[in-house]
4 protein chains.
Amino acid sequence: MGIAERKEREKRRRRARIMNAAKKVFTDKGFGGATMEEIALEAELSPATLYLYFKNKNDLYASLNLKMLEFLVWRLEELRDQEGLDAEGRVRGLADALYDVYQNDPLILFNVFHLQSTHVLTELPPETLDEINGLSARALRIMAGIFQQGIDEGVFADRAAIALADTVWAVFTGLVLWEESKRLFDSGKDFLKPTLDLAIETIVQGIKKG
Amino acid sequence: MGIAERKEREKRRRRARIMNAAKKVFTDKGFGGATMEEIALEAELSPATLYLYFKNKNDLYASLNLKMLEFLVWRLEELRDQEGLDAEGRVRGLADALYDVYQNDPLILFNVFHLQSTHVLTELPPETLDEINGLSARALRIMAGIFQQGIDEGVFADRAAIALADTVWAVFTGLVLWEESKRLFDSGKDFLKPTLDLAIETIVQGIKKG
Amino acid sequence: MGIAERKEREKRRRRARIMNAAKKVFTDKGFGGATMEEIALEAELSPATLYLYFKNKNDLYASLNLKMLEFLVWRLEELRDQEGLDAEGRVRGLADALYDVYQNDPLILFNVFHLQSTHVLTELPPETLDEINGLSARALRIMAGIFQQGIDEGVFADRAAIALADTVWAVFTGLVLWEESKRLFDSGKDFLKPTLDLAIETIVQGIKKG
Amino acid sequence: MGIAERKEREKRRRRARIMNAAKKVFTDKGFGGATMEEIALEAELSPATLYLYFKNKNDLYASLNLKMLEFLVWRLEELRDQEGLDAEGRVRGLADALYDVYQNDPLILFNVFHLQSTHVLTELPPETLDEINGLSARALRIMAGIFQQGIDEGVFADRAAIALADTVWAVFTGLVLWEESKRLFDSGKDFLKPTLDLAIETIVQGIKKG
DNA sequence: GATGAATGAGTTTTCATTCAT
DNA sequence: TATGAATGAAAACTCATTCAT
């Protein structure tokens, strides 16, 4: 391994360390409440160092979300490409896939939304923005594809596949937010998975032909 | 009308004026981005005056959310008490009711979530907190009641009514968030209503008995 | 009694009411911590009304102190003019006189000092200032007179009477401050009177001839 | 000298610089009148920097007082441990010791009292409070010890040593306050030392046996 | 490359004071 | 005369960000 390569790797490691710290602090305090100093503290680095790896607070936040979206897309692609599944099974698989995403990183939607709600977006460089929007669209398209498959195969009623994907996504987003906000008060209820399962099952029943 | 009464009304009017200004600014800038000065400007008052009507920024924000939740509960009660509707029709009515809430105040969920996600809650006086939680619970209970009615009448499959209410709420929440975030970029798409209709319809189909 | 007279009396009553409220609030919160609104509340008047009776916060504060100083001077004059007392007895009487002042109004020195320490003085109208300084000087002169009497009568050693008065005043001031500050923490110790008695007695012994 | 050591020293130097600026401004304007901005200006730093070294205005003020109390205790201990002094001489030495404290830092009592009178105390972290109370108590105990020595040796009448210490402290406190307040008006009278000397001398005479 | 130190630019919040009624 | 209502002016404090070392 060349020196340059090793350095590159070292750099990525540091980036990851910062992102982990940021994830933690953002979760605890929200975007507005988190301070760069606290993130630095968590990462055992100085605040100034953060700026060597991320242009600014927004950039750090966006990177976090990007990483999460990437996992989402990857997981959905895995579901799409899984063999031996009919459309119905694949839709049911959505519940697991989405829950995986949540498990892997409970923050993902919480933060994705937060990102969008705090107008942080508007201050992001256009490339980053495009990347985020691109990944979101891709995820949705995959979900829509799954529904479309069922429609094409004649097992689902002829609904707008994209709207169904929107619905799934909306349910998921809403449930995550809710779960998280409950966590603040109730002692960590875990109603997400059962409710998500029920929702998906209801949708499957609702669109199944005959 | 007595003098005291007139004064009281005047006072409420002014409170309302501030809340309207706040609603606007919070929508545009988010909680963190909004400044008391900007809200005051919008209300054509001085920042100091705001503090005569609201203890602080958090309090103002919470009041906003309270008002919204009150409308939500009121609208759901209206639906519940509407005569000449069978269970299925009432569930379909949920789409309209929720959309009304959104129309009346697009901020409602956007803000409700925000409120819960930004740890603003933790700094709220307990009474306010109780009020918020109480109203939320009440709204959910009404929705669950509608589903339960259908189950009792034998037209819906025997699912957990509360989980169905959760699902509806989650879809709604998720869609609102999404709609709002889209509004930031795309030129004001209005996909909320059709998607919500579809979701509810799908749910109805999904739980209808044979 | 004429109408004008009655009005005048009414006015004085109101002034007194405000001053009492102010005394209470200043004691509880200190000059900086007290707000005009709180004083108004205590006086069951509106803040604006206070300004009909006192030019501003400083003026109100100064008036309070003036009233206290007047009592001090009056009480010292009483002591000075009391018949059948020799110099030694009169000096001993100082302890009682000063303690009376404190009893009558525990704030007096606390406030007098405060007045002086917070640079409120510098913003006072010169007349008020002159009045305050005049009364202070008069009080000191009376005390010095008492010592001087003893020196003239040959029962006290030939010390500077004015310096002895200063000492008495200083002891008193210091003890009051201390007592008050203790009151903040310890549960209301009352060590003022015994210590004051001891101090005066020690002074008497210290200057007695032979 | 190691790097860490040098840095530590550098830090302390900066703290001291801020404290000196604060001392000056507090003296000129009083606690309420002083602003962080003015202190920063005096220290040739930005206001924000002050907050790197002191948690808030109260903390800065308390630190100032702590430093002063430390000097007081140190000076009294020096007096107590000085060899070749009998009790009477040691009591007389109190005048010098206390005056040294005043000279070294005219603010000490002015501030100590102020600190206690303005409810600044109530907002102080308990540790700081304990430290302040501890040092005060220690100073008093040393003074009482000096009187007790004289009583034990039979040269002083059998008075309560602690009350005598209280008296000395009260005289001192009162005189400082007075001196300072005079300074605001009269052109810098220096009556403190002679009056203090007289007071102590009077006390000595007052408690000497035979 | 890493960081200790510093700060500019805000923001919330407080209050003495005014004034139309 | 009394006051409800409003506010100007200020002050404490915060934090993302920079820069000399």
Side-chain angles (χ1 to χ4, degrees), chain A residues 7 10-11 14 31-40 43-61 123, chain B residues 3-4 6-8 10-11 14 18 32-40 43-60, chain C residues 7 10-11 14 32-40 43-61 123, chain D residues 3-4 6-8 10-11 14 18 32-40 43-60 123:
Chain A
K7 275 199 175 169
E10 182 56 33
K11 196 159 185 174
R14 254 290 206 253
F31 180 78
T35 71
M36 291 301 265
E37 189 173 346
E38 205 170 349
I39 295 171
E44 293 177 276
L45 288 168
S46 99
T49 306
L50 268 50
Y51 287 85
L52 296 178
Y53 293 87
F54 299 91
K55 219 173 52 141
N56 54 34
K57 197 184 175 187
N58 281 350
D59 184 33
L60 171 53
Y61 198 70
E123 296 169 33
Chain B
I3 285 186
R6 191 174 310 161
K7 282 204 172 159
E8 190 51 40
E10 185 57 32
K11 198 159 188 171
R14 232 169 313 236
I18 294 173
T35 72
M36 290 303 264
E37 188 173 348
E38 203 171 348
I39 294 171
E44 292 176 281
L45 289 169
S46 95
T49 306
L50 268 52
Y51 287 86
L52 294 180
Y53 294 88
F54 299 92
K55 225 179 60 201
N56 53 35
K57 196 182 173 188
N58 279 352
D59 184 33
L60 173 53
Chain C
K7 275 199 174 170
E10 183 57 32
K11 195 160 185 173
R14 246 318 187 244
T35 70
M36 291 301 266
E37 188 174 345
E38 205 170 349
I39 294 170
E44 291 177 279
L45 289 168
S46 98
T49 307
L50 268 52
Y51 287 86
L52 296 178
Y53 294 87
F54 298 92
K55 220 175 50 153
N56 53 34
K57 196 182 176 187
N58 281 350
D59 184 34
L60 171 54
Y61 198 68
E123 297 169 32
Chain D
I3 284 186
R6 191 173 311 159
K7 283 205 171 156
E8 190 51 41
E10 185 56 33
K11 196 158 188 173
R14 231 167 316 231
I18 295 173
T35 72
M36 291 302 264
E37 188 173 348
E38 203 171 350
I39 294 172
E44 291 176 284
L45 288 169
S46 95
T49 306
L50 267 52
Y51 288 87
L52 294 180
Y53 293 88
F54 299 92
K55 222 176 60 190
N56 52 36
K57 197 182 174 188
N58 280 353
D59 184 33
L60 171 53
E123 296 169 31

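Remember, predicted model here, so these are calculated numbers, not experimental data. Chain identifiers are assigned alphabetically (A, B, ...) following the order of the sequence lines, protein sequences preceding nucleic acid strands; residue numbering begins at 1 within each chain.
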*Roughly how far apart are Leu52(D) CG and Arg14(D) CZ, rounded to 0.5 Å?*
10.0 Å
*Lys7(C) NZ to Lys11(C) NZ distance, which is reported to the nearest 0.5 Å*: 9.5 Å
*How does DNA chain F look in dot-bracket notation if pairs are Watson-Crick or G-U with both distances under 3.5 Å, crossing ones as [ ], other-strand ones as |?*
.||||||||||||||||||||
*Tyr53(B) versus Thr49(B): any side-chain heavy-atom pair under 4.5 Å?*
yes
*In whole angstrom, what separates Leu50(C)'s CG from dA2(F)'s P?*
11 Å
*For the residue pair Lys57(C) and Ala34(C), what are the closest heavy atoms and their distance?*
NZ-O, 2.9 Å
*Take the protein atom CG of Asp59(B) and the nucleotide atom P of dT13(E), then report the distance between them rounded to whole Å.*
10 Å
_Any Arg14(B) side-chain nitrogen or oxygen under 4.0 Å from OP1 or OP2 of dG4(F)_ = no
_Any side-chain heavy-atom pair of Ile39(A) and Leu60(A) under 4.5 Å_ = yes
*asked:* Could you report the tightest heavy-atom contact between Ala40(C) and Ser46(C), atom names first, then the distance?
replied: CB-C, 3.7 Å
*Across the strands shown, which category fits Phe54(C) at heavy-atom distances under 4.0 angstrom: base, sugar-phosphate, nothing?*
nothing
*How many angstroms lie between atom NZ of Lys55(C) and atom CG of Leu50(C), to the nearest 0.5 angstrom?*
15.0 Å
_Tell me the interatomic distance from Glu38(C), atom CD, to dA16(E), atom C1', rounded to whole angstroms._
14 Å
_Taking the nucleotide of DNA chain E with the nearest heavy atom to each, does Glu44(A) or Gly33(C) sit closer to the 5' end?_
Glu44(A)
*Base, sugar-phosphate, or nothing for Ala34(C), non-hydrogen atoms under 4.0 angstrom?*
sugar-phosphate
_If you compare all heavy atoms of Ile18(B) against all heavy atoms of Phe54(B), which two are closest, and at what distance to 0.1 Å?_
CG2-CE1, 3.7 Å
*For Leu45(D) and dA5(E), what is the distance between atoms CG and C1' respectively, to the nearest whole Å?*
10 Å
*For Ile39(B) and dT13(E), what is the distance between atoms CD1 and P respectively, to the nearest whole Å?*
11 Å
Anything under 3.5 Å between a protein N or O and an N or O of nucleotides 18-21 of chain F, put it in a table, one pair a line.
none

*Gap between atoms CG and P, on Asn56(B) and dA12(F) respectively (whole Å)*: 20 Å
*asked:* Please report the distance, rounded to the nearest Å, between CG in Leu60(C) and P in dA16(E).
replied: 11 Å
*Pick base, sugar-phosphate or nothing for Leu52(B), based on heavy-atom distances below 4.0 Å to the nucleic acid.*
base
*Selected nucleotide, minimal atom distance to Thr49(B) side chain, candidates dG4(F), dA6(E), dA6(F)*: dA6(F)
*Want to settle it: does Glu37(B) or Ser46(A) sit nearer the 5' end of DNA chain E, counting the closest nucleotide to each?*
Ser46(A)
*On DNA chain F, check which nucleotide each of Met36(A) and Tyr53(B) is closest to and give me the residue with the more 5' one.*
Tyr53(B)
*Counting side-chain heavy atoms from C-beta on, which of dA5(F), dT13(E), dA16(E) comes nearest to Thr35(C)?*
dA16(E)
*asked:* As a test of reading the structure: which of dA5(F), dA16(E), dC13(F) is closest to the side chain of Lys57(C), going by heavy atoms?
replied: dA16(E)
